[in-house]
Asker: 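Sharing a structure below in structure tokens format, with a few things to ask.
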Amino acid sequence: MKRFIRSASDLLDGAILRVMDSAAVPRAEASVYRVLLASYLLVLVRPRFSFMSEASPSMFNPPMLSVANLFDGFPPGSIFAALDLVLIASLLLVALGLFARIAGVVFFCAFVFGSSFVYSFGKIDHSFLVPCLALLCLSFSDWTSRHALRKDRPLGCHRGAFAVVAVVISFAMFTAGLEKLLNWIDFDLGTSGFLAWFYGGYFTLGRRDLAADMVFRFPPLLLEAMDYTAVLFECLPLVALLIGRRAWHLWLTCAIGFHMVNLLLLNIAFVGMPILYLAFLTRGLGSPASVRRFPPGDPRVWAGLAILWALASGVLVLLGRDASLSLIMGPTAWSYAALGIMLALMLVGLRSVWRSRGARSGEGA
Amino acid sequence: MSGKSKRRTAFAVLAVALGVPFALKFFCRALEPYPAVIFPSGAKLLHRDAGALRFSETRLYGPRPDGRWKRLNVETFLAPLPEQYFKPIVDNRFGLDRDLSIVAEFKRDILPAFEYRNAEALTPENIAATRRWLRRRLRDAGLETDGLRVVKVKRYVDPDTRETLRLETIDETIYPLR
């Protein structure tokens, strides 16, 4: 019995180390990613709660197990307006690398507090939590070691923070895949899980952009194969993490492809997750050579970031898209913009898979 | 604490933080907590030989001055509240019906022992405030403010021709707002 417990605990230690190696991200790349993730949340997601001041009091129906259920009703509108300010300020601080760790924690707490009341209409949307949770976890990494106005004190858990984010992504995917596994794997060509998604979006939500019309010509065998592929894909990330870095990067790249197919056929532009995958696919972007070329204090770096930021905001305004908590598909132009983003991310993923060939443990960070 | 122990502790904490909320939702949807790392599964299955496709829709109508009902644009009616919360708000009857609200059902039937701290939300004053809220929105839409009609319909669509075959009213409720 003792021997069994010892070998089980050795196995667990080995698995934890393997996950940490697979998810390792060097500090330089992590610093670049800090700016990217905070900018993404600030420009594209732009979480805000001030609209809650318009909610009527008796609509308050919070999830039983949530922060909001500790209250008797919606807080006053001024609280939500203050939350908006806190969210914007904390994201700015994270992007600039100024008290980024505290700002990351404050952002997450403010987001969860505000969202708890938004979901008190009776519908919880967990999807937006994962990028925010990633920002919280990575606040404990050394992602302010470069490109930051003020470095945070290293806590010695840089690799652990990225490993936690990798496990969170994998687990989130698994939660979506498990129920599909129980329902969709039925070896029956007369049923289709993919079509249940497709028809609902096509006929009730008007998701008819890009390649949506092609689905009507798909043979039953292909539709069945799509169901099984989705289940396999969503249930596998933890296995990929345990196999090693290359398998993990390959899964992440396939995941971007998966979201791209969803965008093309189902018109669901879930850009948030591919941006999250990028945390692990940026090897080389913060390499000594590129840092030498653009040192952290170089005004060109900040000018470049400001231009990119302005461009991204400008594109959104031109598209007439009110970037909000919802990233569900909007106008056709936005579909093409999202497709462009995903294609670019896919190339980054492929490059990363290529670079991680023959990667050995321990060389990650 | 050694590095190994730290890692094991962190693993145990993470396993509980991720696993317990998911297990709660998986086995009892009413206990779905927030925050939790759970993605929507959308594991519905469509039977291809079932004929016409069926979709449920909820429609809102307000009274016109001539007494007839006019269909409302849900997005405009709720704005700035996001349209995606329309269905849960309607399912909760706008919080107008204390006895039949989802909260009350949970409390009465599923977990009678659980103390709901939000019971205060359904006070007569708050319900009156919600009636005023709905009346204001009907007025903004240029309609009368006597009542709000909620109709749940089932739409049948032919997947081959992509045409709507028929509409079937499933449920209809008129909320008096005076």
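If you're wondering where the values come from, they're calculated on a predicted model, not measured in any experiment. Residue numbers begin at 1 in each chain, while the letters A, B, ... track the order of the sequences.
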Asker: Can you tell me if R8(B) and S9(A) form a side-chain donor-acceptor pair at under 3.5 Å?
Answerer: yes

Asker: So does E54(A) get a backbone contact from the side chain of W133(B), meaning a donor-acceptor N/O pair under 3.5 Å?
Answerer: yes

Asker: Give, as side chain, backbone, both or neither, the part of F74(A) having an atom under 4.5 angstrom from any heavy atom of chain B.
Answerer: neither

Asker: Measure the NZ-CD distance between K123(A) and Q84(B) for me, rounded to the nearest 0.5 Å.
Answerer: 5.0 Å

Asker: Please flag which part of A129(B) lies under 4.5 Å from any non-hydrogen atom of chain A: side chain, backbone, both or neither.
Answerer: both

Asker: How are the rings of F55(B) and F203(A) set to each other: parallel, tilted or perpendicular (split at 30° and 60°)?
Answerer: tilted

Asker: Got L31(B) and M64(A) here, is their nearest side-chain heavy-atom distance under 4.5 Å?
Answerer: yes

Asker: What closest approach, in Å, do P40(B) and A176(A) show between heavy atoms, and which atom pair accounts for it?
Answerer: O-CB, 3.7 Å

Asker: Select, from V157(B), L134(B), D160(B), I89(B), the one with the greatest count of heavy-atom pairs under 4.5 Å involving chain A.
Answerer: I89(B)

Asker: Might you work through the side-chain contact (heavy atoms from CB on, under 4.5 Å) test for M273(A) and F39(B), ending with a clear yes or no?
Answerer: CA-CA 11 Å; M273(A) 289 309 286; F39(B) 272 180; 3.6 Å; yes

Asker: Check whether F216(A) gets within reach of chain B through its side chain, its backbone, both or neither, counting any heavy atom under 4.5 Å.
Answerer: side chain

Asker: Where on V231(A) is there a heavy atom nearer than 4.5 Å to chain B: the side chain, the backbone, both, or neither?
Answerer: neither

Asker: Any idea which heavy atoms bring W197(A) and G42(B) closest together, and the distance?
Answerer: NE1-O, 2.8 Å

Asker: Among L45(B), D49(B), T130(B), which has the most heavy-atom pairs under 4.5 Å with chain A?
Answerer: L45(B)

Asker: Does the side chain of F121(A) come within less than 4.5 Å of N92(B)'s, by heavy atoms?
Answerer: no

Asker: Is N126(B) reaching over with its side chain to a backbone N or O of P57(A), donor-acceptor style, under 3.5 angstrom?
Answerer: no

Asker: About how many Å separate CG of L12(A) and NZ of K4(B), when rounded to the nearest 0.5 Å?
Answerer: 10.5 Å

Asker: Heavy-atom cut-off 4.5 Å, strictly under: side chain, backbone, both or neither for V37(B) against chain A?
Answerer: both

Asker: Once rounded to the nearest 0.5 Å, what's the spacing between atom CD of E125(B) and atom OG of S58(A)?
Answerer: 11.5 Å

Asker: Is the shortest heavy-atom distance from the side chain of T204(A) to the side chain of R155(B) under 4.5 Å?
Answerer: yes

Asker: Is any NZ, NE, NH1 or NH2 atom of the basic residue among R7(B) and D13(A) found under 4.0 Å from an Asp or Glu carboxylate oxygen of the other?
Answerer: no

Asker: I need the contact set between residues 11-26 of chain B and chain A: heavy-atom distance under 4.5 Å, sorted by residue number.
Answerer: F11(B), L14(B), L18(B), G19(B), F22(B), L24(B), F26(B)

Asker: Is it the case that over 12 heavy atoms from other parts of the model lie below 6.0 angstrom from the CZ atom of R178(B)?
Answerer: yes

Asker: Counting a contact as any heavy-atom pair under 4.5 Å apart, which residues of residues 61-83 of chain B contact chain A?
Answerer: P80(B), L81(B), P82(B)

Asker: Would you give the length of the straight line joining atom OG1 of T175(A) to atom CD1 of I38(B), rounded to the nearest 0.5 angstrom?
Answerer: 6.5 Å

Asker: Hey, which of S66(A), S192(A), A230(A), G200(A) has the most heavy atom pairs under 4.5 Å with chain B?
Answerer: S192(A)

Asker: By a 4.5 Å heavy-atom criterion (distance strictly below it), what part of R131(B) contacts chain A: side chain, backbone, both, or neither?
Answerer: neither

Asker: Please determine which of F113(A), F128(A), Y119(A) meets the ring-ring contact (aromatic ring centres under 6.0 Å, His included) test together with Y34(B).
Answerer: Y119(A)

Asker: Taking the side chain as every heavy atom from C-beta outward, state whether H126(A) and E32(B) have any atom pair closer than 4.5 Å.
Answerer: yes

Asker: With chain B, which of A172(A), G177(A), A196(A) has the greatest number of heavy-atom pairs at distances under 4.5 Å?
Answerer: A172(A)

Asker: Is the backbone of S41(B) close enough, under 3.5 Å, to the side chain of K180(A) for a donor and an acceptor to pair up by distance?
Answerer: yes

Asker: What part of R137(B) is in contact with chain A, defined as an atom under 4.5 angstrom from a non-hydrogen atom: side chain, backbone, both or neither?
Answerer: side chain

Asker: Which atoms of W184(A) come close to chain B, meaning under 4.5 Å heavy atom to heavy atom: side chain ones, backbone ones, both, or neither?
Answerer: both

Asker: At a heavy-atom separation under 4.5 Å, does L223(A) approach chain B through its side chain, its backbone, both, or neither?
Answerer: side chain

Asker: Before accepting this row, confirm whether a basic side-chain N of the pair R162(B)/D213(A) lies closer than 4.0 Å to the acidic partner's carboxylate O.
Answerer: yes

Asker: Is L53(B) in contact with chain A via its backbone, its side chain, both, or neither, using a 4.5 Å heavy-atom distance?
Answerer: side chain

Asker: Does K44(B) come within less than 4.0 Å of E179(A), counting only side-chain N to carboxylate O?
Answerer: no

Asker: Under 4.5 Å heavy-atom distance to chain B, tell me which part of D188(A) shows up: side chain, backbone, both or neither.
Answerer: neither

Asker: Look at G193(A), S116(A), A55(A), G190(A) and state which one has the largest set of heavy-atom pairs under 4.5 Å with chain B.
Answerer: G190(A)

Asker: Given the options L133(A), L195(A), T191(A), which has more heavy-atom pairs under 4.5 Å with chain B than any of the others?
Answerer: T191(A)

Asker: Where does V130(A) contact chain B at under 4.5 Å (heavy atoms): side chain, backbone, both or neither?
Answerer: side chain

